[in-house]
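Chain naming here is simple, since letters A, B, ... match the order of the sequence lines and numbering starts at 1 in each. Below, all heavy atoms of this structure are taken into account, side chains as well, without hydrogens, waters or symmetry copies.
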2 protein chains.
Amino acid sequence: MYKRATLKDIATALNVSTTTVSRALNNKSDISDEMRKKVWEVARILNYKPNSLARSLRQQSSDNVIGVILPEVDHYFFSTIIKGITSSIDKNFLIMIGETNHDLEREKSIIDQYLEHFVAGIILLPTRHVQSIANIKTLIDASIPLIVVDRTIEDYEGNYLRHDSFLGAQQAIDHLIQKGRKKIALLRGALECSVSADRVRGYKASLKNHGFEIEEHLIKVCPNTSKKEAFMACNALFTESDNPPDAIFTVTDHMAAGVYEYAHKAELRIPQDLAVVGYSNSEISDVLSPKLTTVGQDGFELGKNAKAQLIQIIEHPQFTCRQILPSSLIVRDSS
Amino acid sequence: MYKRATLKDIATALNVSTTTVSRALNNKSDISDEMRKKVWEVARILNYKPNSLARSLRQQSSDNVIGVILPEVDHYFFSTIIKGITSSIDKNFLIMIGETNHDLEREKSIIDQYLEHFVAGIILLPTRHVQSIANIKTLIDASIPLIVVDRTIEDYEGNYLRHDSFLGAQQAIDHLIQKGRKKIALLRGALECSVSADRVRGYKASLKNHGFEIEEHLIKVCPNTSKKEAFMACNALFTESDNPPDAIFTVTDHMAAGVYEYAHKAELRIPQDLAVVGYSNSEISDVLSPKLTTVGQDGFELGKNAKAQLIQIIEHPQFTCRQILPSSLIVRDSS
DNA sequence: ATCGTTTCCGCAATCGATTATGGTAAAGTT
DNA sequence: AACTTTACCATAATCGATTGCGGAAACGAT
């Protein structure tokens, strides 16, 4: 059985104490240059790598484990965020991952587990039901480096990073209006979801700016932002009134797929009879026919950025991050 | 700052040694029933949770951290596997995740990092370039619980779990032949990829079983299994010969999307002029129009299963797992 | 020569758990 | 009564690193 070299091995080899070795390797003071060099040399030869468990235990804090918490790992947007986090290998951070399935209890439980493991910091994508800082209070009190990504949390004053959903939605509606659409419906997500709320605000703002009336019956709620819900909502839009919409904006691309399905069944042509704009620029937007116009939010960059910022926060406790990234409309063939 | 209760706190409260407390909590011998009860009671009151770092350090092995290694976290199939692994919360295992991007060096480096962290076991989805057990030799020598998922590794004798790609491909071709197709092309992946190789074997086996000739020029290689490569390969198939295929089987759904795109451009109707069958039952197969016939392999179940089996291996060193799960054809509208 | 400063390094405690070894008192044995 | 066994618990070492404190040697100043 292979055994890794320890501080003691280096110390024995040089006939010095482990204290000296530790200080030499961490480039601390009270060490002569000569000794420092010798220690580094032996460490290299023995292929020494510090035992991070021992270090974490002693320091009461890991220095290379980041905990990630998100609602659903198999949603394209989230999975590209994970890719952004895992693919940059700076500092060799290890990534722990926990999935909440939008369950607040589960979220709390994962946070506790991360705390027990002395993670160096946490990247949190809150559930869509988050209403308060209850779950992260422990983190705040203990000053655990934390960055809240994608969603907002009421009364939370700490570090965050997210896309500008308000602006994204506004761009989408601006675009539809510019294309001559007069009656634009909106399929939104859960009422308590901050992201969805921002997009609704963007929708309304754009309509107002162009002197359009806001018709509440054109706004349908799809709590799970699913394809099926969107299909049903679409059905409602076209059967409840004999003055149906000529454009639909959905807050996810999946919902747009539901609209496509309804349009296909109702023999509505996209974009001639009905323009569709989705949100996320997920992979299905390029596969749908006609290709879907959508608001692009780059998950990869978001994840990469979140990790970089968190590392800054870990290394410089006074560092703060309050960033809102721009989204940009990607015009394809559905509008 | 909140501080967790330790063995020592319990020991002090009861005026006994930490030895006694440890043994009582771990239900070992040399402890009176009376003492055991008292210890458990105090532990409950103080909300004691063992420090897993300290435990791992002492035992030279964690008991609740699983390391997962896979090629690309944002591919739908892989992300559903992650979901399968993370969503079952048995035993409160923590999940570490590493992405190789099909880079063997990176794979090795992640394995080393996991070893340094004394993970209890590893779920490995090898890169498509894997040719030998070089990367996992350390794991085997050190008897680290390991399960190889999705792909095979030459000369590897340990635990594995994967889908039956041979059978899946065979079913797909059987289906196309039964539908009356006479000239079935195949878009395959990288030559060194075992999964792709299995599917090619299935393709050939089915053709042979039905008395068809195998025409090598109908088999095109798309090393990255991308949509664009598939589009190009398709173009080649239809321009190189004036006797083009009437059906195409692709080893991923994304490649099928490439075929769709070519068909659209070349004004070929699916399925009338060209039948298409994909592989994976990814989310795009339900979004493509017409909906894609594909071979279903359930990533969620695979992940869940892999985790359950690994836990068995961790807890019972003599336990072995050699499973090949069936895939099943999902017939939709493209064939 | 004496005292004060640096410089450089080691001792031992510490993080929180596990465990080999040993010791004491009660119970059992002949 | 003397000896052995059993039950139960404590002491201390251990995992691999970090760090407060202290000590010895070298050097400079008076």
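A straight line from CG of A/Asn64 to P of D/dA17 spans 13 Å, rounded to a whole angstrom. For the pair B/Asp9 CG and C/dG16 C1', the interatomic distance rounds to 10 Å; values are reported in whole Å. For the pair B/Leu57 CG and D/dA13 P, the computed distance is 18 Å after rounding to whole Å. Regarding A/Lys8, its NZ atom lies at a distance of 12 Å from the C1' atom of D/dA17, rounded to whole Å. Straight-line distance from the CZ atom of B/Phe118 to the P atom of C/dA17: 17 Å, rounded to whole Å. Remark: P of D/dT14 and CG of B/Asn51 are 21 Å apart, rounded to the nearest angstrom. Between B/Arg4 atom CZ and C/dC15 atom P there is a gap of 14 Å when expressed in whole angstrom units. As rounded to whole Å, 11 Å separates atom C1' of C/dT7 from atom CD1 of A/Ile31.
B/Ser17 and B/Thr20 are linked by a side-chain donor-acceptor pair at a separation below 3.5 angstrom, with hydrogens and angles left out of the test.
Distances shown here put every side-chain N or O of B/Thr6 at or beyond 4.0 Å from the OP1 or OP2 atom of C/dG16. Between A/Gln60 and C/dT14 there is no side-chain polar atom (N or O) within less than 4.0 angstrom of OP1 or OP2.
To the nearest 0.5 Å, atom CZ of residue B/Arg322 and atom CG of residue B/Leu161 are 12.5 Å apart.
For the pair B/Thr100 and B/Ile69, the minimum side-chain heavy-atom distance is below 4.5 Å. Two residues are said to be in side-chain contact when any heavy atoms from C-beta on lie closer than 4.5 Å; B/Val119 and B/Ile66 fail this criterion. The shortest distance between side-chain heavy atoms of B/Ile153 and B/Ile136 falls below 4.5 Å.
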Just to be sure I follow the notation: if a pair is Watson-Crick (purine N1 to pyrimidine N3 plus N6-O4 or O6-N4) or a G-U wobble (N1-O2 and O6-N3), each under 3.5 Å, what dot-bracket string does DNA chain C give, with | for pairs to another strand?
||||||||||||||||||||||||||||||
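Interface residues of residues 33-45 of chain B facing DNA chain C, ordered by number: none; criterion, heavy-atom separation under 4.0 Å.
Under the 4.0 Å criterion applied to side-chain N and carboxylate O atoms, A/Glu99 and B/Lys83 are assigned as salt-bridge partners. Using a 4.0 Å cut-off between charged nitrogen and carboxylate oxygen, A/Asp33 and A/Lys37 do not count as a salt-bridge pair.
Here the closest heavy-atom approach between residue B/Ala24 and residue B/Trp40 is recorded as O-NE1, 3.2 Å. Summarising the geometry of B/Pro71 relative to B/Arg151, their closest heavy-atom pair is CG-NH2, 4.5 Å, with the distance given to 0.1 Å.
Taking the ring axis of B/Tyr48 as reference, the NZ or CZ atom of B/Arg44 does not stay both within 45° of it and closer than 6.0 Å to the ring centre.
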Below 3.5 Å is the cut-off: list the nitrogen or oxygen pairs between protein and nucleotides 18-22 of chain D, distance only.
{"residue": "D/dT18", "atom": "OP1", "partner": "A/Asn26", "partner atom": "ND2", "Å": "3.4"}
{"residue": "D/dT18", "atom": "OP1", "partner": "A/Arg55", "partner atom": "NE", "Å": "2.8"}
{"residue": "D/dT18", "atom": "OP1", "partner": "A/Arg55", "partner atom": "NH2", "Å": "2.9"}
{"residue": "D/dT18", "atom": "OP2", "partner": "A/Ser22", "partner atom": "OG", "Å": "2.8"}
{"residue": "D/dT18", "atom": "OP2", "partner": "A/Asn26", "partner atom": "ND2", "Å": "3.2"}
{"residue": "D/dT18", "atom": "O2", "partner": "A/Arg58", "partner atom": "NH1", "Å": "2.2"}
{"residue": "D/dT19", "atom": "OP1", "partner": "A/Gln59", "partner atom": "OE1", "Å": "3.4"}
{"residue": "D/dT19", "atom": "OP2", "partner": "A/Lys28", "partner atom": "NZ", "Å": "2.5"}
{"residue": "D/dT19", "atom": "O4", "partner": "A/Thr19", "partner atom": "OG1", "Å": "2.9"}

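In this pair, B/Phe77 and B/His163 present their aromatic rings tilted. The plane angle is within the 30 to 60° band.
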